[in-house]
Amino acid sequence: MRVSVALFTADLRVHDNPVLQAALKDAERVVPLFVVDTGIRRTGFAGPNRAAFLADSLADLDRALRARGGRLVVRLGDVVEETCRVAAETGATVVHIAGGVSRYAARREDRLRAELTGDRRELRAHDASLTVVPPGALTPAGKGHFAVFTPYFRRWESFSVRGVLPAPDVVRLPDVGSADLPRAESIVSGSTSPGLPAGGESEARRRLRSWLAGPLSAYDERHDDLAADATSRLSPYLHFGCLSPTELLHRVRAQDGPGAHAFVRQLAWRDFHHQVLAARPDAADHDYRPRHDRWRRATKEFEAWQDGRTGYPVVDAALRQLRHEGWMPGRARLLAASFLTKTLYVDWRAGARHFLDLLVDGDVANNQLNWQWVAGTGTDTRPNRLLNPLVQARRYDPRGEYVRRWLPELRHLDATAVHRVAHLDAATRAGLDYPGPIVDLAEAAARFRERRGAD
């Protein structure tokens with residue numbers, strides 16, 4: 001009896017899962033395996049919000065496998081050691097895994113391949129599982145990866161994408177033991193955000209159906225409208241692989257229209273950052289394009305930024321939403337990151353770390369490289385652009401609804417006043433439990449240009 005192992009990592013689903021399908025095709029018996037990685041704890045990457053979402057997702061995956069006659073086998077420890085142990089216990093000859101792009105994933109894959117090869121077993125990595133286009137599949141002439149999005153997107157759009165794989169009807173396991181499904185607190189300790197979404201493939205597919213049924217059609221016009229909450233909120237499900245990016249692409253393209261086209265572009269951005277990180281894994285914590293910045297320490301200002309107490313309401317609203325939900329829309333992320341790196345001139349790595357502590361969709365490729373893009377050390381072709389938070393607020397929250405939603409102390413102010421609290425008369429300001437601006441925007445812009453050496 002031939003046995004294979006389907007090692008789940010960031011692909012926690014049964015629909016359109018190349019790893020699971022390949023393992024089932026390979027053998028009569030398959031071990032659907034997830035290892036609760038103790039190494040991730042040591043890196044500090046396993047924040048409480050993602051741990052809670054992961055626990056939900058594993059429980060949902062187990063239910064889906066049981067509905068097909070199988071179950072999820074869970075082990076706790078080092079991924080390489082535990083996977084090799086399961087392969088030896090069951091006599092598995094092949095282990096299937098989704099190819100990752102981070103340094104951690106690459107080292108894990110290299111170690112696993114070496115250990116399995118030494119045991120006369122095989123590791124097969126599947127690159128078209130976590131992204132639409134595998135990292136490295138598209139390269140410019142004479143270079144290892146695309147460093148600018150627009151030419152990458154032109155090639156990405158014409159790439160021949162694989163078809164969507166069906167969920168299996170039956171999953172049969174060999175005789176193998178398993179630990180209990182983990183609870184969030186057993187993965188990492190700490191409190192979670194009160195507005196955290198539920199994890200799992202079932203919830204992902206429910207949200208996808210709702211998104212396709214209506215909001216997608218207006219995505220091109222409304223995705224930057226902070227008050228409208230008009231983005232898909234599918235990013236956590238893509239991060240954990242509860243939803244396949246390939247299936248998502250096919251289903252969105254089937255809708256056609258400006259909204260669908262705009263959303264497809266966001267999927268390409270996700271792939272773009274994955275191919276950058278695959279080629280430059282050091283970009284997770286080193287400047288992709290060094291600007292010789294002389295970053296400020298500004299400890300008190302950084303703490304005010306973290307707490308949503310900068311005195312700039314749209315920035316503070318974004319950071320309060322992050323703390324409450326473990327999530328924020330793209331425009332809010334952009335405003336918060338720009339304020340920290342360009343206005344306060346604080347190192348992007350400090351902001352990226354804060355985001356990773358809280359974001360349920362916290363992803364090394366997308367989080368770190370988006371922060372670098374905003375800071376001007378990444379792939380942005382206009383690295384010294386400055387975003388004025390007051391102008392951005394008037395443009396993307398003109399009625400002040402987003403600010404009033406997340407800053408209850410300002411809910412009684414009208415649309416004109418809520419974005420310009422600092423300009424209210426002294427008596428009105430005195431009655432607010434809200435700080436004055438921690439920085440003057442004109443002085444901050446001058447400081448940035450002087451320190452960055454920008455025109």
Side-chain angles (χ1 to χ4, degrees), residues 7-13 34-62 72 74-79 98 100-105 108 129-131 181-204 207 231-245 270 273-274 277 284-285 306 318-319 321-330 332-333 336-337 349-371:
L7 178 58
F8 288 89
T9 53
D11 53 345
L12 305 180
R13 62 183 185 269
F34 184 85
V35 180
V36 180
D37 187 358
T38 52
I40 290 287
R41 294 180 185 175
R42 291 192 294 272
T43 68
F45 182 75
N49 284 341
R50 287 191 298 281
F53 197 95
L54 172 61
D56 282 353
S57 301
L58 293 175
D60 188 74
L61 177 59
D62 182 60
L72 185 63
V74 176
R75 296 292 175 93
L76 172 67
D78 177 79
V79 173
V101 297
S102 69
R103 278 179 300 194
Y104 190 88
R108 179 182 62 197
S129 185
L130 308 185
T131 55
L181 287 169
R183 295 178 298 175
E185 56 269 26
S186 69
I187 300 172
V188 63
S189 61
S191 59
T192 58
S193 296
L196 199 66
E201 183 179 15
S202 299
E203 178 66 11
R207 287 175 178 258
T231 62
S232 73
R233 289 182 173 256
L234 293 175
S235 55
Y237 304 94
L238 288 168
H239 170 65
F240 283 93
C242 304
L243 185 64
S244 156
R270 182 175 181 272
H273 283 145
H274 277 76
L277 188 65
D285 47 33
Q306 287 179 302
L319 288 153
Q321 181 181 16
L322 171 62
R323 192 170 294 278
H324 182 82
E325 295 189 351
W327 183 89
M328 59 211 297
R333 299 183 197 210
R349 281 159 281 250
R353 178 70 262 173
H354 179 67
F355 271 29
L356 280 180
D357 285 345
L358 292 170
L359 281 173
V360 69
D361 63 8
D363 177 292
V364 173
N366 291 293
N367 186 64
Q368 309 302 90
L369 293 175
N370 271 314
W371 267 94

Does [X] have any side-chain hydrogen bond (donor to acceptor under 3.5 Å, both in side chains) partners at least two apart in sequence or in another chain, and if so, which?
| X | result |
| --- | --- |
| R207 | E203, Y237 |
| R349 | D287, D347 |
| R233 | D229, E325 |
| S232 | none |

Check: [X] side chain, [Y] main-chain N or O, donor-acceptor pair, under 3.5 Å:
| X | Y | answer |
| --- | --- | --- |
| R50 | P236 | no |
| N49 | S193 | yes |
| D361 | W327 | no |
| D363 | H239 | no |

Of all heavy-atom pairs between [X] and [Y], which one has the smallest distance, and what is that distance?
| X | Y | value |
| --- | --- | --- |
| C242 | S57 | SG-OG, 3.4 Å |
| D11 | A98 | OD2-CB, 3.9 Å |
| P48 | S191 | CB-O, 3.5 Å |
| L181 | A59 | CD1-CA, 4.0 Å |
| A336 | A318 | CB-CB, 4.5 Å |

Task: From CA spacing to verdict: side-chain contact (heavy atoms from CB on, under 4.5 Å), D37, Y104 - done: CA-CA 12 Å; D37 187 358; Y104 190 88; 2.7 Å; yes
Listed partners of [X] passing ring pair (Phe, Tyr, Trp, His ring centres under 6.0 Å), at least two apart:
| X | value |
| --- | --- |
| H354 | W305 |
| H273 | W269 |
| F34 | none |
| F355 | W371 |

Task: Identified side-chain contact (heavy atoms from CB on, under 4.5 Å) partner of H274 from the options L369, V364, L130, V101 - done: V101
Open item on the list: D62: which residues meet the salt bridge (Lys or Arg N to Asp or Glu O under 4.0 Å) condition with it, sequence neighbours left out?
Closed with: R66
Open item on the list: Could you work out, with salt bridge (Lys or Arg N to Asp or Glu O under 4.0 Å) as the rule, every residue matching D56, not counting sequence neighbours?
Closed with: none
Answer whether the closest heavy-atom distance between the side chains of [X] and [Y] falls below 4.5 Å.
| X | Y | result |
| --- | --- | --- |
| R13 | S129 | yes |
| R270 | L238 | yes |
| P329 | Q321 | yes |

Open item on the list: Under the rule for side-chain contact (heavy atoms from CB on, under 4.5 Å), what residues qualify as partners of L76, not counting sequence neighbours?
Closed with: V36, T38, R41
Open item on the list: Suppose we screen for side-chain contact (heavy atoms from CB on, under 4.5 Å). Which residues come up paired with D78, at least two apart in sequence or across chains?
Closed with: V80, E81, R111
Task: Neighbour count >12 (heavy atoms, 6.0 Å) for atom CZ, R103 - done: yes
TODO: Kindly determine whether L359 and L322 satisfy side-chain contact (heavy atoms from CB on, under 4.5 Å), including the steps that lead there.
DONE: CA-CA 7 Å; L359 281 173; L322 171 62; 3.5 Å; yes
Open item on the list: How long is the straight-line distance from CG of L243 back to OG of S235, given to the nearest 0.5 Å?
Closed with: 11.0 Å
Open item on the list: Distance check, rounded to the nearest 0.5 Å: F53 atom CZ versus T192 atom OG1?
Closed with: 13.0 Å
Open item on the list: Using the rule given for side-chain contact (heavy atoms from CB on, under 4.5 Å), can you reason through D285 versus Q368, listing the C-alpha separation, both sets of side-chain angles and the distance that settles it, and then say yes or no?
Closed with: CA-CA 8 Å; D285 47 33; Q368 309 302 90; 5.5 Å; no
- [ ] Please report the C-alpha distance between L12 and L54 in whole Å, then the side-chain angles of each, then the deciding distance to 0.1 Å, and finally whether the side-chain contact (heavy atoms from CB on, under 4.5 Å) criterion is met.
- [x] CA-CA 9 Å; L12 305 180; L54 172 61; 3.6 Å; yes
